Protein chains: 2
Amino acid sequence: MPTTTRRERQRAATGEEIKDTARRQMAEHGAAALSLRAIAAAMGITAPAIYRYFPNRDALVTALIVDAYQALGAAVAAAEAAVPRDRFGDRFLAAAGAYRRWSLEHPAEFQLIFGTPIPGYEAPADVTVPVVLEAFSPFATIPEDAWRAGALHDAVFPQEPETDARLAAWLIGEGLHLPAPLMRLVLEGWGQMHGLVTLELIGQLPPVVGDVGPLYDAAVRALVARLGLRVAP
Amino acid sequence: MPTTTRRERQRAATGEEIKDTARRQMAEHGAAALSLRAIAAAMGITAPAIYRYFPNRDALVTALIVDAYQALGAAVAAAEAAVPRDRFGDRFLAAAGAYRRWSLEHPAEFQLIFGTPIPGYEAPADVTVPVVLEAFSPFATIPEDAWRAGALHDAVFPQEPETDARLAAWLIGEGLHLPAPLMRLVLEGWGQMHGLVTLELIGQLPPVVGDVGPLYDAAVRALVARLGLRVAP
DNA sequence: CATGAATCGTAAACGGCGTATACTGTTTAC
DNA sequence: GTAAACAGTATACGCCGTTTACGATTCATG
């Protein structure tokens, strides 16, 4: 006998339907056009009914953000998982490629989680930061795996004492085992991937380079080389 | 006798006052909270009066975006101009530092030009793209200066035929004289600077590394080295 | 099975938003 | 001096998020 009653299942389904409808509206009219009244109308209910499921619009947005992060993280993890475990460089390339692909395929959700497109909405950091780190964990765990396997190329990691000390403390707190300078390179790489995707999405890069894909891939390959990860010949 | 009448001067002044008031509101309540009624109230007029100066809210936003790009470009250019012309690496470092500093000091304007924080507003690419390129031109012209001066370190530029061909065509169209692989590295670097600043502004990096400044500087120095630009010893 | 409670939804309203229209003074130019 | 151009207001429309008061349904329990 299931612990969930009929009513609870119904309630959860309606909550999901609200989020699905919201996602559909965002995909069509952009994240900024998210409107409780429009969602309700598309569902055939009235706007105040949504308040039975979310205390206010910001709570709905936060739920959508968490979902989006998890979808992004799942896409990255799935792409990485499809590569043989000992091909660390290729795993990183697959993860980075999935990151860009998901972002291009879900531009509204991307700007929802990485921008501030909602008037008056401020993402609660205590909710988002852990989910973000979870989504981006492959970019740290792949180099960690390679490090522990002793499979790192003979790369030399430049030292940055100030930042690296801070980073080392954070790594310990997170239970990650990899050198701080390596993690710093990962963060610099995250910034690069994020920036290139952002510039592509707002249309600044395409007029200059056309298809951004090769530019992005070149940057990631250079990053993989700096990290000392080997790729298939 | 000036070619501008009294009325024209008055009109231009009011237009500037509207934009200044808008900037003050953005700085206080965020770019998304921009409201014609609030601007008008702060100026002691009514909202429809603004329509004498801007055909609609989007036109005002576009004007603010253009102004912001020019302010960002001016900050970058000024920082770069303060460095001796033949210290190409230091000029690049100064420009990159000014880019981050301006962004941190003007977060609302940064998200105004690089995000989509306004409900229903879509930045007109034909207006913004040229202004963006103008603002970022130092990051291309500094390597170009170094290249023409034969002052590039013995760096080896990895080739990416597909993208580089496209880039070379664009460079010719823009009248820029530097190798396509070099320009590609500049764009990858732009993505990195942009991404790191963005992640810092939305609060993802600080909990990991604390002060993002050293991380940013390390990334830019590595980029400068890859570009083959020399820095002061 | 009857009944009281919990739940889900609606209707109406409030204040605020961008914006269109019609109107009134003031300033300018001939 | 007068007619046109201009700057501003008042009003109104249809959106928005949100609150309140109120029905209808569904559930759990005597």
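In what follows, chains are A, B, ... by sequence order, proteins preceding strands, each numbered from 1. The shown structure was predicted, so the numbers you read here are calculated from the model rather than taken from an experiment.
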Which part of the nucleic acid does A:Y53 contact within heavy-atom distance under 4.0 Å: base, sugar-phosphate only, or nothing? sugar-phosphate

Which residue, B:I172, B:L171, B:L176, forms the side-chain contact (heavy atoms from CB on, under 4.5 Å) with B:E174? B:L176

Atom CZ of B:R6 and atom P of D:dA7: how far apart are they, to the nearest Å? 12 Å

Does any N or O donor sit under 3.5 Å from an N or O acceptor when you compare the side chain of B:R7 with the base of C:dT28? no

Separation of C:dT7 C1' from A:R9 CZ (nearest whole Å): 16 Å

Phosphate-side-chain proximity, A:R11 and C:dC8, N/O vs OP1/OP2 below 4.0 Å: yes

Rounded to whole Å, the CD-C1' distance (A:Q10 to C:dC8) equals 10 Å

Rounding to a whole Å, what distance do you find between A:F54:CZ and D:dG17:C1'? 16 Å

Taking protein heavy atoms under 4.0 Å as touching, what does nucleotides 15-23 of chain C look like 5' to 3' if B marks base contact, S marks sugar-phosphate-only contact and - marks none? --BBBB---

The side chain of B:T46 lies closest to which of these nucleotides: D:dT9, C:dG9, C:dT28? D:dT9

Are B:E160 and B:R166 within salt-bridge range, i.e. N to O under 4.0 Å? no

So if I apply the ring-ring contact (aromatic ring centres under 6.0 Å, His included) rule between B:H194 and each of B:F139, B:F110, B:F136, which one comes out positive? B:F110

If you count the non-hydrogen atoms of other residues, nucleotides and ligands that lie under 6.0 Å from CD in B:E16, is the total more than 12? yes

Rounded to the Å, how far apart are A:I45 CD1 and C:dT7 C1'? 14 Å

Quick one: do A:R100 and A:D217 satisfy salt bridge (charged side-chain N to carboxylate O under 4.0 Å, His left out)? Show the steps, please. CA-CA 10 Å; A:R100 170 167 175 267; A:D217 289 341; 5.7 Å; no

Between D:dA7 (C1') and B:E17 (CD): distance, integer Å: 14 Å

Which donor-acceptor pairs under 3.5 Å do side chains of residues 35-48 of chain B form with protein atoms, sequence neighbours excluded?
| unit_1 | atom_1 | unit_2 | atom_2 | d |
| --- | --- | --- | --- | --- |
| B:S35 | OG | B:R37 | N | 3.3 |
| B:S35 | OG | B:A38 | N | 3.0 |

